[in-house]
Amino acid sequence: MSKIRVVHYINNFFAGVGGEEKANIPPEKRSGVVGPGMAIQKAFDEEAEIVSTVICGDTYFGEHMEDATKELLKMIKDENPDLFIAGPAFNAGRYGVACGAICKTVEEELNIPVITGMYKENPGVDMFKLDLNIISTGNSAATLRKSVPGFAKLALKLAKKEEIGSPEEEGYIQRGIRKNYFHELRGSERAVDMLVKKMNKNQFETEYPMPNFDRVVPANPIKDMSKAKIALVTSGGIVPTDNPDKIESSSATKFGTYDLSGMDFMSKDKFTTIHGGYDRSFVLENPNLVVPLDVIRELEKEGVVGDVSNYFMATTGTGTSVGNAKRFGEEIGKKLIDDKVDCVILTST
């Protein structure tokens, strides 16, 4: 029996090309196994063979998604694969989005099974979990060894068209698919059984887990804005023209703090936007459209607000994971509190 032919997609980092400085490399194809494919190939044993690896830089894919997808699809189709795998991407947001996008395209255009892997908070999960089987991984490549067995097992089951079990059994992220089955006990009996266990403080598992809503209590309103200290924060990607902190254009892993001392407006000669999720043409000409320093300075001079912080803080919001966004908020909030800021104007795009 011939082996299952597999094509594997990875990014610049896992291909060993380089880090962020090489994230703009265009699509390329290499024969055989590259990088993490070695661990996956080993897990496949003799049942499948990674015949080719396709590679693309995360930044390049994000900025040329349509063209990159077409080029990658042609490379993949030329190999006549039985199965396509991507990643795992762990918690790398841009990588996750790329893995999801190319998997969905391959599945639709080539009509072959596909699989990828991501951490639950990767933005690619919310974008593609209804379309794809996404193996749940840890949040970093350090968990590769633990992720590979489940990844390879489910990939082979998909390729052999075997019945796929529940997310709990197979390790993939819930897709929202419901299947009817006959239980030996009626719903009323199961409900009473769970209630009794709960009352006795015994462990039980609900059949309908409720979502966990993150609630934030609003701060008290400011009584006198003329005495308030105001700070500007943005997820619109406004940074000094040289982007000194190398903040990513999407799926940001960092934020920056930049000086506004002595400035009455955001000059296009000193500031730019590196955001990859909107038409930047107007903002490149006038960064004040996203960081409204010009207006807030006028209000400061008129006495409408008391004082404006001598810095602003910025990151990019597009594709940024919940985990990173929460961390940004905690760190930014701590600095603002330490600097006795009373009010924040948080702008998006």
Side-chain angles (χ1 to χ4, degrees), residues 4-41 44 48-90 92-118 122-135 137 141 144 151-152 154-155 158-159 248-251 276-277 318-319:
I4 297 166
R5 293 177 60 83
V6 184
V7 174
H8 186 199
Y9 172 80
I10 56 177
N11 69 354
N12 50 289
F13 177 80
F14 285 99
V17 177
E20 191 62 33
E21 75 283 359
K22 295 292 185 179
N24 60 347
I25 64 165
E28 64 172 278
K29 181 168 67 174
R30 299 184 193 174
S31 178
V33 179
V34 179
M38 290 186 285
I40 299 171
Q41 179 65 73
F44 282 154
E49 179 184 4
I50 298 176
V51 296
S52 183
T53 303
V54 290
I55 302 160
C56 187
D58 287 335
T59 298
Y60 186 92
F61 190 93
E63 295 180 352
H64 308 85
M65 187 173 291
E66 186 175 343
D67 291 338
T69 300
K70 287 181 180 179
E71 194 170 349
L72 288 165
L73 184 64
K74 184 180 184 306
M75 293 177 180
I76 297 162
K77 186 177 182 179
D78 288 345
E79 296 295 330
N80 192 29
D82 305 303
L83 170 69
F84 178 73
I85 62 176
F90 306 103
R94 290 176 299 167
Y95 189 21
V97 172
C99 286
I102 191 62
C103 276
K104 184 178 180 182
T105 300
V106 168
E107 186 176 56
E108 292 174 346
E109 297 293 329
L110 303 186
N111 195 30
I112 61 172
V114 302
I115 185 173
T116 185
M118 302 182 205
N122 192 306
V125 170
D126 280 341
M127 293 175 67
F128 296 104
K129 67 182 179 182
L130 300 182
D131 305 299
L132 309 170
N133 289 302
I134 304 174
I135 283 287
T137 73
L144 177 65
F151 186 94
L154 183 56
L158 289 166
E248 300 89 346
S249 60
S250 66
S251 305
T318 183

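Here the structure is a predicted model, which means the values were calculated and not measured. For reference, positions follow the sequence shown, starting with 1. Quick note: numbers below take in every heavy atom, side chains included, and nothing from hydrogens, waters or symmetry partners.
One N or O on the side chain of Gln41 and one on the backbone of Ala48 form a donor-acceptor pair closer than 3.5 Å. Judged by distance alone, the side chain of Asn122 and the main-chain N or O of Ala92 form a donor-acceptor pair under 3.5 Å. The main-chain N or O of Asp58 is found under 3.5 Å from a side-chain atom of Asn12 such that the two form a donor-acceptor pair. Proximity of a side-chain donor or acceptor of His8 to a complementary backbone N or O of Val51 within less than 3.5 Å is not detected. No donor-acceptor pair under 3.5 Å is formed between the side chain of Thr53 and the backbone N or O of Arg30.
Separating the CG atom in Leu110 from the CG atom in Leu83 is a distance of 12.0 Å, to the nearest 0.5 Å. How far CD1 of Ile112 is from NZ of Lys77: 11.5 Å, rounded to the nearest 0.5 Å. Going from atom CE of Met65 over to atom CG of Leu72 covers 11.5 Å, rounded to the nearest 0.5 Å. Atom CG in Leu73 sits 6.0 Å away from atom CD1 in Ile102 (nearest 0.5 Å). Between Ile85 atom CD1 and Ile135 atom CD1 the span is 11.5 Å, to the nearest 0.5 Å. Going from atom CZ of Arg94 over to atom OG1 of Thr318 covers 11.0 Å, rounded to the nearest 0.5 Å.
Partners of Tyr60 according to the ring pair (Phe, Tyr, Trp, His ring centres under 6.0 Å) rule, which considers only residues two or more places apart in sequence or in another chain, are His64. Every residue was checked against the ring pair (Phe, Tyr, Trp, His ring centres under 6.0 Å) condition with Tyr9, not counting sequence neighbours, and none meets it. With sequence neighbours left out, the salt bridge (Lys or Arg N to Asp or Glu O under 4.0 Å) criterion links Lys29 to Glu79. Remark: Asp78 engages Lys74 in a salt bridge (Lys or Arg N to Asp or Glu O under 4.0 Å) (not counting sequence neighbours).
Contact detail for Leu158 and Val114: the closest heavy-atom pair is CD1-O, 3.7 Å. Between Gly124 and Ile134 the shortest heavy-atom distance is O-CD1, 4.3 Å. Taking both residues in full, the closest heavy atoms of Leu132 and Gly100 are given as CD1-O, 3.5 Å, listed atom of the first, atom of the second, then distance. Closest approach of Met118 to Ala89, counting heavy atoms only: CG-CB, 4.2 Å. Closest approach of Ile4 to Ala159, counting heavy atoms only: CD1-CB, 3.8 Å. Closest approach of Pro81 to Ile76, counting heavy atoms only: CD-O, 3.2 Å.
Counting heavy atoms from C-beta outward, Met75 and Ser52 have side chains that stay 4.5 Å or more apart. Taking the side chain as every heavy atom from C-beta outward, Phe61 and Asn11 never approach each other to under 4.5 Å. Contact annotation: the side chain of Val54 never approaches that of Pro27 to less than 4.5 Å [non-hydrogen atoms, C-beta and beyond].
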- Task: Give the C-alpha distance, both sets of side-chain angles, the deciding distance and a yes or no for side chain to side chain contact (heavy atoms under 4.5 Å, CB included) between Thr137 and Phe151.
- Result: CA-CA 9 Å; Thr137 73; Phe151 186 94; 6.0 Å; no
*asked:* Determine whether Tyr95 and Phe14 satisfy the following criterion, ring-ring contact (aromatic ring centres under 6.0 Å, His included), listing intermediate values before the conclusion.
replied: CA-CA 10 Å; Tyr95 189 21; Phe14 285 99; 5.6 Å; yes
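Pairs of residues two or more places apart, or lying in two chains, that qualify as salt bridge (Lys or Arg N to Asp or Glu O under 4.0 Å) and include a residue from residues 95-110 are Lys104-Asp131. For residues 63-72, the set of pairs meeting the salt bridge (Lys or Arg N to Asp or Glu O under 4.0 Å) definition, not counting sequence neighbours, comprises Glu66-Lys70.
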